[in-house]
Amino acid sequence: QVRLVESGGGSVPSGGSLRLSCAVSSNNYCIGWWREALGKEREGVAAITAAGRSTYYSDYVRGRFTVSRDNTKNTVDLQMNQLMPEDTAMYYCAARTVACGLMRGATAYEYWGQGTQVTVSS
């Protein structure tokens, strides 16, 4: 089992940046970032393998967001640049043991954090 705690959310104007961090209790997992906007389904944002060698991004954020991890600090970060109002959502980090990525949906992730809110104003 792994525990995940997100931090770093907040409110920024359109075009701004935020850096989210996920503190993980174990580095042996693929970590994904997911988001859920009000009234919408949870959608994948980015994911990174346990060793950090491979990353995955949704088309909505590729080129604007960067996922990284520091296994010496047990953290997985999501740097978000060029934020848009459409990025407003609750952001979650989640862990899975095999087959890292976003293609199999949120149900493929076994463990979840409590979420952190990101609000982008126009």
Side-chain angles (χ1 to χ4, degrees):
Q1 193 168 355
V2 60
R3 196 166 75 96
L4 307 102
V5 180
E6 303 94 338
S7 61
S11 297
V12 294
S14 182
S17 298
L18 277 175
R19 189 176 184 90
L20 306 183
S21 188
C22 177
V24 299
S25 61
S26 169
N27 293 317
N28 296 329
Y29 294 81
C30 159
I31 301 296
W33 283 97
W34 294 75
R35 67 186 184 187
E36 188 171 327
L38 200 62
K40 295 187 178 180
E41 290 188 0
R42 193 166 295 192
E43 65 176 8
V45 175
I48 187 167
T49 54
R53 294 193 181 99
S54 296
T55 56
Y56 309 85
Y57 296 95
S58 74
D59 290 341
Y60 314 119
V61 307
R62 186 175 289 112
R64 300 188 296 124
F65 292 11
T66 303
V67 61
S68 62
R69 69 190 300 162
D70 185 342
N71 285 348
T72 65
K73 298 180 180 178
N74 286 28
T75 57
V76 178
D77 290 351
L78 184 69
Q79 177 66 42
M80 306 186 296
N81 299 327
Q82 303 172 45
L83 283 162
M84 303 183 292
E86 305 89 278
D87 296 315
T88 294
M90 183 72 79
Y91 283 71
Y92 300 88
C93 61
R96 62 188 291 184
T97 51
V98 297
C100 197
L102 303 173
M103 295 301 293
R104 290 183 173 84
T107 55
Y109 283 77
E110 301 152 75
Y111 307 101
W112 291 80
Q114 83 289 349
T116 186
Q117 178 68 37
V118 171
T119 303
V120 184
S121 57
S122 55

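What you see is a predicted model; the values in this text were computed from it and never measured.
- Counting only residues at least two apart or in different chains, disulfide bond (SG atoms under 2.5 Å apart) contacts with residues 50-93 comprise C22-C93.
- Residues meeting the side chain to side chain contact (heavy atoms under 4.5 Å, CB included) test with S17, sequence neighbours left out: Q79, N81.
- Sorted by first and then second residue, the disulfide bond (SG atoms under 2.5 Å apart) pairs involving residues 28-87 (not counting sequence neighbours) are C30-C100.
- Listed by first and then second residue, the disulfide bond (SG atoms under 2.5 Å apart) pairs that reach into residues 40-69 come to none, sequence neighbours excluded.
- The two residues S58 and G44 come nearest to each other via the heavy atoms CB-O, 3.4 Å.
- Of all heavy-atom pairs spanning S14 and S122, the tightest one is CB-CA, 4.3 Å.
- Annotation: salt bridge (Lys or Arg N to Asp or Glu O under 4.0 Å) contacts involving residues 96-119, sequence neighbours excluded, are absent.
- Screening residues 112-122 for salt bridge (Lys or Arg N to Asp or Glu O under 4.0 Å) gives no qualifying pairs among residues at least two apart or on separate chains.
- The 12-atom threshold is not exceeded at CD of Q1, counting heavy atoms of other residues, nucleotides or ligands nearer than 6.0 Å.
- For R62, the side chain to side chain donor-acceptor pair (under 3.5 Å) test picks out D59, with sequence neighbours left out.
- The heavy-atom pair separating A47 from Y109 by the smallest distance is CB-OH, 3.6 Å.
- E86 meets the salt bridge (charged side-chain N to carboxylate O under 4.0 Å, His left out) test with no other residue; sequence neighbours excluded.
- Clustering of Ile, Leu, Val, Met, Phe, Trp and Tyr by side-chain heavy atoms under 4.5 Å joins W33 with V2, L4, V12, L18, L20, V24, Y29, I31, V45, I48, Y57, Y60, V61, F65, V67, V76, L78, M80, L83, Y91, Y111, V118, V120.
- Counting only distance, with no hydrogens or angles, the side chain of N74 and the backbone of A23 share no donor-acceptor pair below 3.5 Å.
- Listed by first and then second residue, the salt bridge (Lys or Arg N to Asp or Glu O under 4.0 Å) pairs that reach into residues 22-37 are R35-E43, R35-D87, E36-R42, sequence neighbours excluded.
- The main-chain N or O of G9 is found under 3.5 Å from a side-chain atom of T116 such that the two form a donor-acceptor pair.
- For A37, the side chain to side chain contact (heavy atoms under 4.5 Å, CB included) test picks out K40, A89, with sequence neighbours left out.
- A search for side chain to side chain contact (heavy atoms under 4.5 Å, CB included) contacts involving T75 returns S21, D70, K73, D77, not counting sequence neighbours.
- To the nearest 0.5 Å, the span separating OH on Y92 from CH2 on W34 amounts to 13.0 Å.
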